[in-house]
Each structure stands twice: as structure tokens, then as C-alpha cells.
Amino acid sequence: MIKAVFPGSFDPVTKGHINLIERASTAVDLLFVAVLVNPAKKTLFSIEERKNMLKEAVKHLPNVEIISFEGLLAELVKQENISFIIKGVRNLVDFESEYTQANINRLLSNGVETLLLPSDPRYSAISSTVVKEIASFNGDLDSFVPQFVVKALKNKINIK
Ligand code: PNS
């Protein structure tokens, strides 16, 4: 059985993430979508909230499992016997950072490879950071996240 992991902060999940998860899920038997801690980011949603939104977002994908992990991605890869890490790449800035992370994660996990999926151009400008900024100004989020995430953002940010 080929298992892969699609890791991220997912604070919150966007339509860009969902498109990548749908495409990645067609390439493997089991895809873990893992909520991990990015030490560079302070999050708006708790790990449980992020997991619940992800579960709703991928409920149409039978071979996708939502998990969270506190620690190095390489440790999760070893623990679950995962064959590949799959990441999305929107632009050259993403590529630079993903290239470095892929090399570090290969060293830390005894050779596990990272596969980079180019984002669909429809979603290449979307990020969770941009989504949170638009939400804070009560802007239109319909092109960026599913309706249940719009609601969660409004509840969290306390706007109507
Ligand atoms: O969605 P993000 O914030 O770009 O995801 C980044 C993430 C969470 C995948 C990355 O920060 C990560 O792998 N964190 C776990 C800790 C780890 O393994 N760090 C070393 C990677 S080089």
C-alpha cells in the first residue's frame, strides 16, 4: 500500500488546498492530510478546529485521512511508514522554500522523497494568510474558501 502525507498549517483550509488534496489523492492508496505546527506562524484556529474544517472539506474523498502531529514531519513519516511527502507549489517563492524543506526532510527521514504539485492557476494567488486578511476586513471570500470556512472565519473574527 502506497501512503503519502500532505502536510500544512491549514489555518484555515482553502480551495487551493482542497484542489491539491483531490489531485494528490488520485496518486496513492492512502493520503494523510496532516496538520503540523509551523513554528514561524501563530494560528487563528486551534488544531481541532483546523482538523474539523479539513474533515468537512475532504468528506468526498474516501482514501484521505485527517490527522495532526506535534513534532518533525520526518518523525511522522517514519511512524506511519509513509512513502512520499506531497506539497503544493504556487510560485517561485514557494519553490525555494519547498526545495530546501524537501532536502532537509529527505536527510531526516532516511531518503523519503517530496513530490511537488504545481497549484492550479485558478488558485495560485490564494493563501490562508490572504484569506484571514480579507476576513478581518469583512471582504468577499467566496472564491477562496468553502462556505463553512467563511462561517467559521466570521464566528472567529466576530463579524456578521
Ligand atoms: O502550510 P505551511 O505553513 O506552509 O506548512 C508548513 C509545514 C507545517 C508543513 C512545515 O512547517 C513543517 O513541516 N512543520 C513541521 C516541523 C518540521 O518538520 N520542520 C522541518 C521541515 S524543514
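We count ligands from 1, going down the list as the structure has it; atoms in each ligand are counted the same way. Source: prediction; values computed, not measured. Basis for what follows: all heavy atoms, side chains included, without hydrogens, waters or symmetry-related copies.
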Backbone or side-chain N or O of N105 under 3.5 Å from ligand 1 N or O: no
Best match, D94, N38, L36: closest heavy atom to atom 6 (C) of ligand 1: N38
Exam field: side chain N105 to backbone V112, donor-acceptor pair closer than 3.5 Å: no
Worked verdict on F144 versus T14 for side-chain contact (heavy atoms from CB on, under 4.5 Å): CA-CA 6 Å; F144 300 88; T14 68; 5.8 Å; no
Among A102, S97, G71, closest by any non-hydrogen atom to atom 16 (C) of ligand 1: G71
CG on L92 to OG on S97, rounded to 0.5 Å: 12.0 Å
Minimum-distance pair of heavy atoms, taken over all atoms of P118 and R23: O-NH2, 2.8 Å
Minimum non-hydrogen distance to atom 20 (C) of ligand 1, winning option of T43, N103, L72: L72
Closest to atom 18 (O) of ligand 1 among L107, L73, D11 (heavy-atom distance): L73
Gap between atom CZ of F148 and atom CE of M53 - 0.5 Å precision: 8.0 Å
Where ligand 1 meets K41 - atom numbers and elements under 4.0 angstrom, heavy-atom basis: 2 (P), 3 (O), 4 (O)
Whether E75 side chain and L72 backbone form a donor-acceptor pair below 3.5 Å: no
Location of contacts on V37 toward ligand 1, heavy atoms closer than 4.0 Å: backbone
From S109, G8, A34 - option closest to atom 7 (C) of ligand 1 by heavy atom: G8
Gap separating the CG atom of N63 from the OG1 atom of T26, nearest 0.5 angstrom: 8.5 Å
Identity and distance of the protein heavy atom lying nearest atom 22 (S) of ligand 1: Q101 CG, 3.7 Å
Shortest heavy-atom approach to atom 1 (O) of ligand 1 - which of A40, S9, P39, G88: S9
